[in-house]
Amino acid sequence: MSYAEEREQNIARNRALLDGLGINPLRPKCEPKENLRKKVAAKKRKSPLPESDELEEPLKKAPRIADDNNEPGGARRSSRLAGKTVDYKQEQDRGVPEPITFKRSQKLKVGQVKSKRTYDPHMYGHIPDVEVGTWWATREDCSNASVHGPWVSGIAPGPDGAYSIALSGGYDDDVDEGYAFTFTGSGGRDLRGTKTAPKNLRTAPQSSHQSFEDRNNAALQRSVDTQKPVRVIRGFKGKARSKYAPSEGYRYDGLYFVKKAWIEKGLNKGGFLVCKFAFMRMPGQEDIPVNDGGDDESDE
DNA sequence: GGGCCCGCAGGG
DNA sequence: CCCTGCGGGCCC
């Protein structure tokens with residue numbers, strides 16, 4: 001079977017799986033009327049660059065979190081996001097936001113402030129003061145905003161499930177429908193090379209099976225049971241196949257639940273097994289910006 | 001564009 | 001100290 005055929009097959013399987021998760025009330029809202037109107041308008045005026053009003057939303061800059069030098073007693077701030085439209089269920093323990101305490105000795109460059117973070121990323125749910133749709137240029141910035149801690153890793157594991165994940169389009173057969181998507185786990189890559197040809201890489205092609213023994217994959221599997229919300233950021237590298245990926249940088253798209261975890265034959269040379277997960281967006285959140293960008297070539 | 005290197009977060 | 005990880009920057 002050719003790569004293209006296998007890819008189609010995997011995509012069809014993943015898409016069917018997403019659809020089989022049940023009717024999602026968000027689905028009609030993911031293509032809101034405003035976007036449809038914009039789409040029509042954009043086609044009419046045939047301008048490759050949309051008007052500024054369309055650009056404002058997704059490119060909202062991350063609020064630079066001022067490091068309020070953690071006062072011991074007074075640093076507690078209200079954990080309520082009062083006035084938000086998000087409808088939180090009782091069971092969603094978002095954790096009490098505590099000012100982060102730094103256990104690690106950090107190398108300080110000249111003039112660098114010690115604390116880059118106001119909140120500890122090791123908590124479930126929203127990070128206070130970070131709105132859905134917030135955008136960062138790099139993973140480092142996103143990490144400093146406490147939304148997704150790791151600079152490279154796509155999964156931030158925790159005891160009751162993953163805290164957050166990064167969608168960067170690294171797998172050709174992942175399906176992104178905005179309100180729901182499939183996600184491939186970690187592991188099974190050869191990052192070090194051989195003794196004779198050491199590599200010391202951070203990412204690499206699939207070269208062995210993934211499994212739920214992997215710490216990251218195990219965390220996402222736990223998310224299925226605990227139904228803790230997972231923060232999701234979408235990266236620009238996914239824009240080739242997902243219209244929900246930002247054109248640049250990384251965007252916080254809010255909270256999702258992991259509804260299913262399974263193992264399937266991945267789309268890779270060698271047919272190695274990969275861990276896959278089906279995500280569904282928590283209701284009541286701001287719509288995901290849809291990227292209609294001009295250079296869309298590969299629509300199946 | 002690809003290849004290579006390497007900092008950092010996070011955990012054992 | 002070790003290891004991993006859907007980064008990013010540099011060089012070519």
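Chain naming here is simple, since letters A, B, ... match the order of the sequence lines and numbering starts at 1 in each. Both backbone and side-chain heavy atoms feed into the values below; hydrogens, waters and symmetry mates do not.
We find that CG of L201(A) is positioned 11 Å from P of dT4(C), with the value rounded to whole Å. Between Y250(A) atom OH and dC6(C) atom C1' there is a gap of 8 Å when expressed in whole angstrom units. Here dC8(B) presents its P atom at 13 Å from CZ of R117(A), a figure rounded to the nearest Å. Atom CD of Q206(A) and atom P of dT4(C) are 14 Å apart (whole Å). Here dG8(C) presents its C1' atom at 18 Å from CH2 of W136(A), a figure rounded to the nearest Å. Rounded to whole angstrom, the span from the CG atom of N217(A) across to the C1' atom of dC6(C) amounts to 12 Å. With rounding to whole Å, K199(A) atom NZ is found 11 Å from dC4(B) atom C1'. Distance CZ (R241(A)) to P (dC6(C)): 15 Å, rounded to an integer number of Å.
Separation of the P atoms belonging to dG8(C) and dG10(B) is 16 Å when rounded to the nearest angstrom. Taking atom P on both nucleotides, dC10(C) is separated from dC8(B) by 15 Å, rounded to a whole Å.
Comparing dA9(B), dG8(C), dT4(C) by their closest approach to the side chain of L191(A) singles out dT4(C). Of the candidate nucleotides dC8(B), dG8(C), dC6(C), dG8(C) has the atom nearest to the side chain of T138(A). Considering only the side chain of S153(A), dC6(C) comes nearest among dC6(C), dG10(B), dG8(C).
A close approach under 4.0 Å does not occur between any side-chain nitrogen or oxygen of H122(A) and OP1 or OP2 of dA9(B). An OP1 or OP2 oxygen of dG5(C) is reached within less than 4.0 angstrom by no side-chain nitrogen or oxygen of R189(A). Residue K116(A) places none of its side-chain N or O atoms closer than 4.0 Å to OP1 or OP2 of dC8(B). Proximity of Y163(A) to the phosphate of dA9(B): no side-chain N or O atom is located under 4.0 Å from OP1 or OP2. Distances shown here put every side-chain N or O of R215(A) at or beyond 4.0 Å from the OP1 or OP2 atom of dT4(C). A close approach under 4.0 Å does not occur between any side-chain nitrogen or oxygen of S186(A) and OP1 or OP2 of dT4(C).
Under 3.5 Å, the side chains of D174(A) and T184(A) contain a donor-acceptor pair of N or O atoms. Residues Q206(A) and D190(A) bring no donor and acceptor atom of their side chains to less than 3.5 Å of each other. D160(A) and T226(A) share no side-chain donor-acceptor pair at under 3.5 Å.
Paired runs in DNA chain B that reach 3 or more consecutive Watson-Crick or G-U pairs, where each pair keeps both distances under 3.5 Å, cover B:1-6 with C:7-12, B:8-12 with C:1-5.
Residues D253(A) and R251(A) are paired through a salt bridge, judged by an N-O separation under 4.0 Å between the basic side chain and the carboxylate.
Heavy atoms only, all atoms of each residue included: H209(A) and G271(A) are closest at CE1-O, 4.4 Å.
Remark: the backbone N or O of R7(A) is not paired with any side-chain donor or acceptor of D173(A) at under 3.5 angstrom.
In this pair, F183(A) and F277(A) present their aromatic rings tilted. The plane angle is within the 30 to 60° band. The aromatic rings of Y124(A) and Y163(A) sit tilted, their planes meeting at an angle between 30° and 60°.
Place N200(A) and G158(A) on DNA chain B by their nearest nucleotides, and N200(A) ends up nearer the 5' end. Comparing H148(A) and V152(A), the nucleotide of DNA chain B nearest to each residue sits closer to the 5' end for V152(A).
Among the protein residues, G187(A) comes within range of the sugar-phosphate backbone only, with heavy atoms under 4.0 Å from sugar or phosphate atoms but none that close to a base.
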